Every structure is written in C-alpha cells, then in structure tokens.
Amino acid sequence: MALAIAAGAATTVAALTAVAPAAHAATRTTAKTVAADNCWSASGHWWCHNRAGAPVWSRGDNPVVVGYMNTTTSWFNCRKEGAKNNNGPHPNRWEWTEADNGAWGWMKDSDIISETNPLPGLPCP
C-alpha cells in the first residue's frame with residue numbers, strides 16, 4: 001500500500017512538473033510575483049508591461065485616481081519610493097506616467113508586470 005501511494009505521488013509530481021512552464025507563462029502576465037522582463041528604453045521613454053485598467057493617481061497627501069491605463073504596454077518617465085502601496089517586491093515604489101486620458105500621475109509598482117529597476121530614479125515630479 002505504501003509503495004502504491006509513493007508511486008502515485010511521484011506520478012503527480014511528474015505531471016505537475018510537466019505543466020509548470022505553461023502555468024508559469026500564464027501567471028507572468030497577471031502577477032508580479034514571478035520573474036518578469038525588464039522595462040526598456042525607446043523613443044525617449046521607458047516602456048513596461050502593465051495591468052490593463054490600472055489606475056493612475058494624483059500627487060499629494062490624499063491622492064485620487066486621475067485616469068487609467070487601458071493598454072498593457074505603457075511608458076513611464078521615472079520611479080520614486082513613496083508611500084506603501086502593495087506587498088510586492090517594491091512595496092513603496094511608484095512610476096510617473098501619463099494616463100490614457102492625458103492626465104499625469106503615479107502608477108503603483110504592483111500594477112506593472114515588468115521589473116521597474118531599470119527606470120531612472122529621481123528627479124521625478
């Protein structure tokens with residue numbers, strides 16, 4: 001009986017290992033907890049993959065949503081450490097950008113799928 005259970009467990013592990021790369025690829029587009037590609041510089045901006053519909057926030061002590069990013073690839077000018085906004089790998093990081101409605105503001109790092117370390121730091125607005 002113990003041998004049958006061990007064999008079943010080995011088969012289950014082998015099956016899970018076989019689908020792990022496909023599951024990882026699907027997760028990559030929806031969560032920042034897995035390894036992500038870096039943001040890249042082109043046309044005078046830094047481009048990153050982000051969550052569609054992510055809010056863009058105003059500056060100040062009481063920020064409000066000023067717009068949204070409806071696309072999944074957007075450009076950003078810089079990054080800044082500020083108020084905590086998530087529990088991800090950069091819990092205090094915000095990126096300065098222009099929302100799809102033309103309003104300028106900050107996007108939470110947790111809404112950006114790409115690794116944002118390549119973005120320049122200060123000076124940010």
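Here, residue 1 is the first one in the sequence, and each next residue gets the next number. From a predicted model like this one, the values you see are computed outputs, not experimental measurements.
- The minimum heavy-atom distance between Glu98 and Met69, with the atom names listed, is O-CE, 3.1 Å.
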Which atom pairs, donor and acceptor, lie under 3.5 Å between side-chain atoms of residues 39-48 and protein residues at least two apart or in another chain?
{"residue": "His45", "atom": "ND1", "partner": "Asn77", "partner atom": "OD1", "Å": "3.3"}
{"residue": "Trp47", "atom": "NE1", "partner": "Ala42", "partner atom": "O", "Å": "2.9"}

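- At least one donor-acceptor pair closer than 3.5 Å links the side chain of Ser114 to the backbone N or O of His49.
- Smallest separation of non-hydrogen atoms from Ala52 and Thr72: CB-CG2, 3.7 Å.
- Cluster membership for Ile112 and Trp104, using ILVMFWY side-chain heavy atoms within less than 4.5 angstrom, is not shared.
- Among Cys124, Pro63, Ser58, the single residue meeting the side chain to side chain contact (heavy atoms under 4.5 Å, CB included) criterion with Trp106 is Cys124.
- Taking the side-chain hydrogen bond (donor to acceptor under 3.5 Å, both in side chains) definition, one finds that Ser74 meets it with Asn50, Thr71, sequence neighbours left out.
- Glu81 contributes atom CD, which lies 6.0 Å from atom CG of Asn92 (distance to the nearest 0.5 angstrom).
- Of all heavy-atom pairs between Leu119 and Phe76, the closest is CD2-CB, 3.7 Å.
- Of all heavy-atom pairs between Asn101 and Val66, the closest is ND2-O, 2.9 Å.
- Under a hydrophobic-cluster definition in which Ile, Leu, Val, Met, Phe, Trp and Tyr are linked whenever side-chain heavy atoms come within less than 4.5 Å, directly or via other members, Val65 and Trp96 are assigned to the same cluster.
- The closest side-chain heavy-atom distance from Arg79 to Asp109 is not below 4.5 Å.
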For this session: Report the C-alpha separation of Trp94 and Lys108 in whole Å, then their side-chain angles, then the decisive distance to 0.1 Å, and conclude whether the side chain to side chain contact (heavy atoms under 4.5 Å, CB included) test is met.
Result: CA-CA 5 Å; Trp94 297 80; Lys108 293 178 180 182; 3.5 Å; yes
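- For Asn117, the side-chain hydrogen bond (donor to acceptor under 3.5 Å, both in side chains) criterion is met by Arg93, Glu115, not counting sequence neighbours.
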For this session: Mind running side chain to side chain contact (heavy atoms under 4.5 Å, CB included) on Val56 and Tyr68 for me, showing each step along the way?
Result: CA-CA 5 Å; Val56 176; Tyr68 295 91; 6.0 Å; no
